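Following: one structure in C-alpha cells, then a few remarks.
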Amino acid sequence: MSNTNSLLTIKDLYASVEDKQIIKGLNLEIKPGEVHAIMGPNGAGKSTLGYVLSGREGYSVDGGNVALAGQDLLEMETEDRARAGLFLAFQYPVEIPGVSNLEFLKASVDAQREARGEEAITSAEFLKEAKAACKQVNLPVSFLKRGVNEGFSGGEKKRNELMQMLLLKPTLCILDETDSGLDIDALQVVAEGVNSQRSADRSFIVVTHYQRLLDYIKPDFVHVLSDGKIVKSGDASLAHELEAQGYAWLQTAPAEDELEG
Amino acid sequence: MTEQIDKALAREYEAGFVSDVESETFLPGLDEDVIRRISGMKNEPEWMLEWRLSAFREWLEMEEPDWAQVDYPKIDFQSISYYSAPKSMKDKPQSLDEVDPELLRTYEKLGIPLIEQQMLAGVAVDAVFDSVSVVTTFRDKLEEAGVIFCPISEAIQKYPDLVKKYLGSVVPKKDNYYAALNCAVFTDGSFVYIPKGTRCPMELSTYFRINEQNTGQFERTLIVADEGSHVSYLEGCTAPQRDENQLHAAVVELVALDDAEIKYSTVQNWYPGDEEGKGGIYNFVTKRGICHTNAKISWTQVETGSSVTWKYPSCILKGDNSVGEFYSVALTRGRQQADTGTKMIHLGKNTRSTIISKGISAGKSNNSYRGLVRMNPGAKGARNFTQCDSLLIGDKCGAHTFPYIESRNPSAIIEHEATTSKVSDEQMFLCRQRGLDPEKAVSMIVNGFCKEVFKELPMEFAVEAGKLLEISLEGSVG
C-alpha cells in the first residue's frame, strides 16, 4: 500500500475520542530523514494525531490505514509501535514517583533491544551513554537518580523527553508541542538537541501551534491541520505566512483536493 | 484499562503446592483436654500448662472483634485442628542429616535451602512446619556469640527463667481475642535472646509453612534484646492452595532493653485465596514491642498474601528517648481484605516514632490503614511523623485510612500526611510508549511507590520483596 521508500504513510485516516471524530480523512507521507511540521489552530487534532499514531488507549481508528516502514502500524500494540521505532515526546510529561530516571530508561532501552533481538547493554555502558545524553540536553547528571519527571520544572521535563529520545534512537519522532511552556533559552537547547539527531534514517513530525520553534528546527515541509485534515501543505515559508495571517483564512478553505499535493 | 485488569487478574501462587509428609494431626476441636495434650506433646512444665489454661478460660469469656474493615463468615473454632506435626519429627532429629528429606525439599522449593553450605551467607533460619520447628541452622555459630536462637518449645525447657519473665509481658494473655487463643494453643515459633552489648553476628529468620488441611497455625515468637544489643530478624510465610480457609493467629513479642535495637521484617505471602475469594488464610496477628530507655524497634512488613489480614505491629515507647518505626507495604488483589497499621504509644520523654504506610489495592480488594498515635501525659517533647499513601489499580477496589491521634501532652508534635493516587492512564501510556509491556509498567510504578519501605528491608530480602510484588501483580493488567 505504501511507497517502498517512505517511512510513514498515512492514508485516509479517521479517528475519534469518546465517540467524537477528530481526525477526518488525513493523508501524509514521510520519507526517511524528513522533518514535517504540523501546524494548526487549537482543536484541529494535532495532539490527537500523535496519540493515534502511538496507540494511546481511548483513541479509536474509524478508517484508513497507516504503515510504518511497511508494517501495519494500527494493528500493533502501543509498546510494539515504540519498539518499531516510533517515539512520542509529550507535551505534558507525567511523573512516576519513586522510579528513577535511570531505572526507567534502562528498562525501556532493554525492552526495545530485546524486542529487536539485540544484545542487552551492560549497566556500565548504559550509564556512560546516559551521562553523555544528560550533558547534551544540559541536565545535571543527578537527574538520572531522580524520580521520572518528579518535581522537574516544565523546561526540565521537556529536556528529559529529549534525553529519552537520544537514548532510544527512534526512526520516527513525534514532538507534541515541545515548545509550549519553554522560554527562549530552553527552546534553543531543545531545538539544538533535535537538530543534532537529524539524520538520513530518522524522521520528525514537529507538532506546534507557533512558528517560533520552526526558526530553530527547519522543517522540510509544513502542513496545516484544520478540522481533522490537512488543508494546506508547503515548504518552510508557509509557516511564516501563517504567522503573519493566522489560521482563519484556511478554516473556510476550498475543497481539499485543490490543496493536497 | 479496567477491562484489561479484570481479564488478567489471574496469577499463579507459586507456593501453593502440598508436601506429601506423613503427619500426626489432632482431630478438630478445642477444649481444656486438647490444650493438655498440646502441652503434653511438648513435654511442658506445669507452669506453662497452667498459663495456657488460664488464657483459655479468659478466651471463653471474650468476644470476637468486629471493628475491622473486613468481612468473613464466622469462624467455627471447633472445626479446626490445633496440632499437626510431621511424624518424622516425633523422635527429634539431632542433625540436618536426620531431617525428613521431603521437608528439606519443601523449603528448597520455596527458595529456602536449609543446608547451611547452600544458604545465604550470614542468615540463620528456623523452619516451622505446621505446629513444629523442623530445623534451626547455624546454631553453633550463634552460640559462640552467646545468642540464643531456638524453637520456643525448646526455650521453655532450657531457659524457663527467661521465658517466664518475658512471655506475655508485652502482649498480655487477655490483650485481645486472638492473642488469648494463641496463648492457649500456641505450638511453636522462635525464641531469640541477645546478650548485653552483643551485636548478633548474622540475620535471623523464621520461615512458617502451613501444610496440613483444616489446621490452624498458632505460632509464638519472643525476642529479647538485652541492654545495648542489636538484632535483625526476618519472617516469611507460605501455605498450600486450598479451597477452605485456614486460620493463622500468631503473637510476636519484642523486648528491647536499654540502648538495644531490634529490626523486625516480615514478608507475608500466605495463600490469598482465588479470584472469587475462595480459600486463603485468615491472618489475625498481634505483634508488639516494648522499648526501654534509648532503645529502638523498627517493624518493616511486606504483606501480599492472606485472604483476610488483621494486623497492627506496634511499639510501646516506655523509656525516654526511645524510637519506634513502622514501614509497611500492603498489597491486596482479587477479593483480599487487609486491615493493617500500627500503634505508637508514647510514654517516655523525647520519644520518637515514624510511620510510613503504602497500601496498594487492585481487583475487587479492600485495603485499610488503621493506626493509633498516642502521646501520654509523660511524653514531653515526643514526636510522631505519619505518612500514609494509597495506590489504586483499577476502579473496583477500595482504600481506606483510619488514623487515630490522641495527644495528652501539649509539647508533643504529631504530623500526619495522607495521599491517594491511581496508576494513571498517563503513566501507563508513557511506559508503553517507551517500549515497556503493561505488566512491567505496573510493577515498575508500584515498586517506585513502595521504594521508601523497601529500602528499610535487609538487602537480600529487598530483592525478594520486589520480586514477590512482581509475581503478585503478574497479570494485573492485560
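What you are looking at is a predicted structure, and each value in this text was computed from that prediction instead of being measured. Reminder, nothing fancy here: chain letters follow the sequence lines and each chain counts from 1. Worth knowing before you read on, the calculation uses all heavy atoms, side chains too, and leaves out hydrogens, waters and symmetry mates.
Here the straight-line distance linking atom CG of B/Leu436 with atom CZ of A/Arg83 works out to 7.5 Å at 0.5 Å rounding. The line from CG of B/Asp437 to CD of A/Glu77 is 10.0 Å long, rounded to the nearest 0.5 Å. Here the straight-line distance linking atom CD of A/Glu95 with atom CG of B/Leu430 works out to 11.5 Å at 0.5 Å rounding.
Counting non-hydrogen atoms of neighbouring residues, nucleotides and ligands closer than 6.0 angstrom, the OH atom of B/Tyr404 exceeds 12 such neighbours. Within 6.0 Å of CZ on B/Arg352 lie no more than 12 heavy atoms contributed by other residues, nucleotides or ligands. Heavy-atom neighbours of A/Arg146 CZ from other residues, nucleotides or ligands within 6.0 Å: above the threshold of 12. Counted within 6.0 Å of CD on A/Glu114, heavy atoms from surrounding residues, nucleotides or ligands total 12 or fewer; the atom is thus considered open.
Looking at A/Glu57 and B/Arg432, their side chains come closer than 4.5 Å, going by heavy atoms from C-beta outward.
Side-chain N or O atoms of B/Gln433 include none that pairs as donor or acceptor with a backbone N or O of A/Ala82 at under 3.5 Å.
With a 4.5 Å cut-off on non-hydrogen atoms, A/Leu86 touches chain B through its backbone and its side chain both. Interface residue A/Glu103: backbone and side-chain heavy atoms are both found under 4.5 Å from chain B. Contact of A/Leu88 with chain B is made through backbone and side chain together, with heavy-atom distances under 4.5 Å. Neither the backbone nor the side chain of A/Arg81 has a heavy atom closer than 4.5 Å to any heavy atom of chain B. Contact of A/Phe104 with chain B is made through backbone and side chain together, with heavy-atom distances under 4.5 Å. In this structure, no portion of A/Val109 lies under 4.5 Å from any heavy atom of chain B.
Under the rule for a side-chain hydrogen bond (donor to acceptor under 3.5 Å, both in side chains), A/Glu192 has no partner lying at least two apart in sequence or in another chain. Every residue meeting the side-chain contact (heavy atoms from CB on, under 4.5 Å) condition with A/Ser203, not counting sequence neighbours, appears here in chain and number order: A/Leu7, A/Ile30, A/Leu172.
Per-residue heavy-atom pair counts under 4.5 Å with chain A were compared for B/Gln427, B/Arg434, B/Glu426, and the maximum is reached by B/Arg434.
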Run the salt bridge (Lys or Arg N to Asp or Glu O under 4.0 Å) check on B/Lys440 and A/Glu79 step by step: do they pass? CA-CA 11 Å; B/Lys440 176 74 186 168; A/Glu79 57 272 24; over 6 Å; no
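Scanning both residues, A/Gly55 and B/Phe429, for their nearest heavy atoms gives C-CE1, 4.2 Å. Taking all atoms of both residues into account, the shortest heavy-atom contact from B/Cys431 to A/Ile96 is SG-CD1, 3.7 Å.
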